[in-house]
2 protein chains.
Amino acid sequence: MASPSAKNVRTEDRGPTPLPPAKRKLADAMRRLLRTKDFNSITTAEISRTAEANEALIYRYFKDKRGLLHQVLYDYLLDFHMEIQGEIQAVPSALDKLRCLVRAHIRMYDSNRVFAKILLLEVRNFPAYFESSTYRLVKGYGKMVSRIIADGVQSGEIRDDIPVPRIRDLILGGIEHFCMAAVIFGHEISVALAADNLSDLLFKGFEKN
Amino acid sequence: MASPSAKNVRTEDRGPTPLPPAKRKLADAMRRLLRTKDFNSITTAEISRTAEANEALIYRYFKDKRGLLHQVLYDYLLDFHMEIQGEIQAVPSALDKLRCLVRAHIRMYDSNRVFAKILLLEVRNFPAYFESSTYRLVKGYGKMVSRIIADGVQSGEIRDDIPVPRIRDLILGGIEHFCMAAVIFGHEISVALAADNLSDLLFKGFEKN
DNA sequence: TCCCCCAGGTAAGTAATACTTACATACATT
DNA sequence: AATGTATGTAAGTATTACTTACCTGGGGGA
C-alpha cells in the first residue's frame, strides 16, 4: 500500500496488533540490502531470498517494490520525528532550537546511512512518492521547522525581512549538502563540528564582520 | 559510452565532426520525454519511437540507457559552465561573483527544468554516475565555487574561521533546496527575488542584527 | 574499376525481472 | 464443527533492457 496500513500500527483501544512476520522480515531485508546496494539494482527475488519469505508477499503487504521502500522510510521517519521532538522540546529560544535541530538532524543522517540514502537519493525521482503518506511525514517535519522559525521572527531573534520558507530551505538544504557526499561515498561525519559550523554560518552568514 | 566520446566534440584542428544523426535524435528524444516523465518510466522502445531511430542504436552510441541520460546531462553542463563563466568573469569582488553565480544558477534551473530534474533527481541514485566524466564536470563546478570563496577569504571579504568546503556546501545546498520544490512540482520561480533572498541570507545570516 | 572496409542502420531474439493468479494452510470466532 | 479471514506458496506472464547477427552505402587505395 502506498500509505502504511493503519491496521499494522498500534491502536490505543485494542492494544498492539502484531505485524505479520513476513512483513517485518521483508522490511528488514530491504534495509539490509540498501546498506550495500542502490534500490534499483535490488531485485524482488533478492529481497525475498534475504527475508526468507516468498516473493509474492512483497505484493501482499506492499503496493509494490517502491511501496516497501516507502514503508521502510516511513518507519525511519517516525523514529526521526520522536528523536528530534524530544531534543528540542525543552529548549526555550528559537535559535537554540534550530541549533539543536541541525545537530540532531546531522547526527541522524550520520548514524543511519540507509535512512539518509533513501531520503536523499532514492525516493525523490519517483513522482508518486510525493502523493504518499511517507512524504506527508516529511512535509510535517518541514512545517515544524517553519514554525520554529516563525516563532523566532515573532520573538525578534530572527530577521523578519526574509520569508520564512526561504530560511527553512536554506537550513534544510545546508544540512543535506553537508551530509550528501558523506552519505554517497560512505565517509564519516564529524557531527559536532559540522553542526557548529553550519549553525554558525546560518546564523551569522559568511560575510566578514 | 560512460564518457562522451571526444570525436563528437568540436576540435580546433579538423573542424567539427558531425554527430551521427541518430545519436542526436536519441538525445533529443530523451530530453523531450524527460519533460513529462521520470527516467525510470521511460522505456527504450519509447525513446527509439520518439527519436524515429532503431532501438539498438541506443546501445551503439551509448553504454546503456543511463549512459544516454548522462550524455544529455553532459551537454547541459557544458552550456551551464559557459553561461556561468561568462557572467562572473568580469565581476571583480568575490562576494559579487557569488551573488552573480547564485542568480545565474537559479536562472539556469528555472529556465531548464529537464536539466535541473536530471541533476537534482535522476542521477544521484546511481552509484556509477560518480565515476562518470559527467560527474567530473559537476565536481569541476564545485571546485570553481570553492576557488571564488577562497579568493574572498584571501581578500578579507569572507570569514576565515569556517572551512571553505562548508561554505560551498551551504551555497549549493541552498540553491538546490530553493529550486527543488519548483522543479518537482513544476512551479515557477521568481528568479531575481529568490536569488536576492538567498544571497542576502548567505551573506548576513538570519539572526537579527 | 574493383574491392574492401567501416560507420550507420536494422530486425529479431534473449534473459531477467516486476508483478499476478490461483491455490493451500492455520486459526480465531460463532 | 463450520466458516471466514489472514498468512504463506508455486507457477506463471508481460514487459523491458540489452545483444547478436546482419544489411547498406560510400570513400579510398590497389
Side-chain angles (χ1 to χ4, degrees), chain A residues 1-2 4-9 11 14-30 33-34 37-72 122-123 125-129, chain B residues 1-2 4-9 14-30 33-34 37-72 122-123 125-126 128-129:
Chain A
M1 273 142 267
S5 93
K7 271 196 282 191
N8 299 311
V9 145
T11 57
R14 293 192 303 156
T17 306
L19 278 177
K23 185 169 185 182
R24 183 163 291 278
K25 285 198 286 182
L26 287 166
D28 286 345
M30 176 62 99
L33 290 168
L34 279 169
K37 307 185 69 170
D38 60 304
F39 174 75
N40 267 326
S41 51
I42 296 172
T43 68
T44 51
E46 206 173 0
I47 295 167
S48 61
R49 193 174 346 113
T50 305
E52 295 179 308
N54 190 281
E55 196 175 329
L57 290 176
I58 295 171
Y59 301 91
R60 180 176 302 274
Y61 295 121
F62 311 96
K63 183 171 173 290
D64 53 18
K65 205 179 113 185
R66 280 206 113 89
L68 170 50
L69 180 73
H70 290 169
Q71 173 74 61
V72 168
E122 299 287 13
V123 291
N125 62 344
F126 184 60
Y129 161 69
Chain B
M1 272 144 270
S5 91
K7 269 195 287 191
N8 299 311
V9 145
R14 294 192 302 155
T17 307
L19 278 179
K23 185 169 186 184
R24 182 164 291 279
K25 284 198 286 181
L26 287 166
D28 287 345
M30 177 62 99
L33 290 168
L34 279 169
K37 307 186 70 171
D38 60 305
F39 174 75
N40 267 326
S41 50
I42 296 173
T43 69
T44 51
E46 207 173 358
I47 296 167
S48 60
R49 195 176 342 115
T50 305
E52 294 180 309
N54 190 279
E55 196 176 329
L57 290 176
I58 295 172
Y59 301 91
R60 178 176 302 275
Y61 294 122
F62 310 97
K63 182 171 175 290
D64 53 18
K65 205 180 113 184
R66 280 205 114 88
L68 170 51
L69 181 72
H70 291 168
Q71 173 73 61
V72 168
E122 299 287 13
V123 291
N125 62 344
F126 184 60
Y129 161 68

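The sequence lines fix the lettering, A, B, ..., with proteins before strands; numbering per chain opens at 1.
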statement: Considering only heavy side-chain atoms of K65(B), the closest of dT9(D), dA18(C), dC18(D) is dC18(D)
- prompt: Looking at L33(B) and I47(B), what are the two nearest heavy atoms and their distance?
  reply: CD1-CA, 3.8 Å
query: If you count the non-hydrogen atoms of other residues, nucleotides and ligands that lie under 6.0 Å from CZ in R24(A), is the total more than 12?
result: no
query: Does a side-chain N or O from T44(A) land closer than 4.0 Å to OP1 or OP2 of dA18(C), or not?
result: yes
query: Can you check whether Y59(A) has a side-chain N or O nearer than 4.0 Å to OP1 or OP2 of dT20(C)?
result: no
Cation over ring face, R66(A) and Y129(A), 6.0 Å, 45°: no
statement: Between A45(A) and A56(A), the residue closer to the 5' end of DNA chain C by nearest nucleotide is A45(A)
query: Mapping E55(B) and A22(B) to their closest nucleotides on DNA chain C, which lands nearer the 5' end?
result: A22(B)
- prompt: Whole-Å distance between dT20(C) P and N54(A) CG?
  reply: 14 Å
message: Can you measure N40(A) atom CG to dA18(C) atom C1' for me and round it to whole angstrom units?
response: 12 Å
- prompt: Over how many whole Å does the gap from R24(B) atom CZ to dG9(C) atom C1' extend?
  reply: 18 Å
- request: Quickly work out the L57(B) CG to dC22(D) P distance and round it to whole Å.
  value: 18 Å
task: Remember a base hit wins even if backbone is also touched, and classify I42(B) as base, sugar-phosphate or nothing at under 4.0 Å, heavy atoms.
output: sugar-phosphate
- prompt: T43(B) has a side chain; which of dT16(D), dG9(C), dT19(D) sits nearest to it?
  reply: dT16(D)
message: Under a 4.0 Å threshold between the charged nitrogen and the carboxylate oxygen, would K37(A) count as salt-bridged to E46(A)?
response: yes
- line: Of dA18(C), dC18(D), dG8(D), the nucleotide closest to the side chain of P21(A) is dG8(D)
- prompt: With respect to the side chain of D64(B), which nucleotide from dC18(D), dT9(D), dG8(C) is positioned closest?
  reply: dC18(D)
query: To the side chain of Y61(A), which of dT7(D), dC18(D), dT21(C) is closest?
result: dT7(D)
message: Here's one to test your reading of the geometry: is the NZ or CZ of K65(B) within 45 degrees of the ring axis of F39(B) and under 6.0 Å from its centre?
response: yes
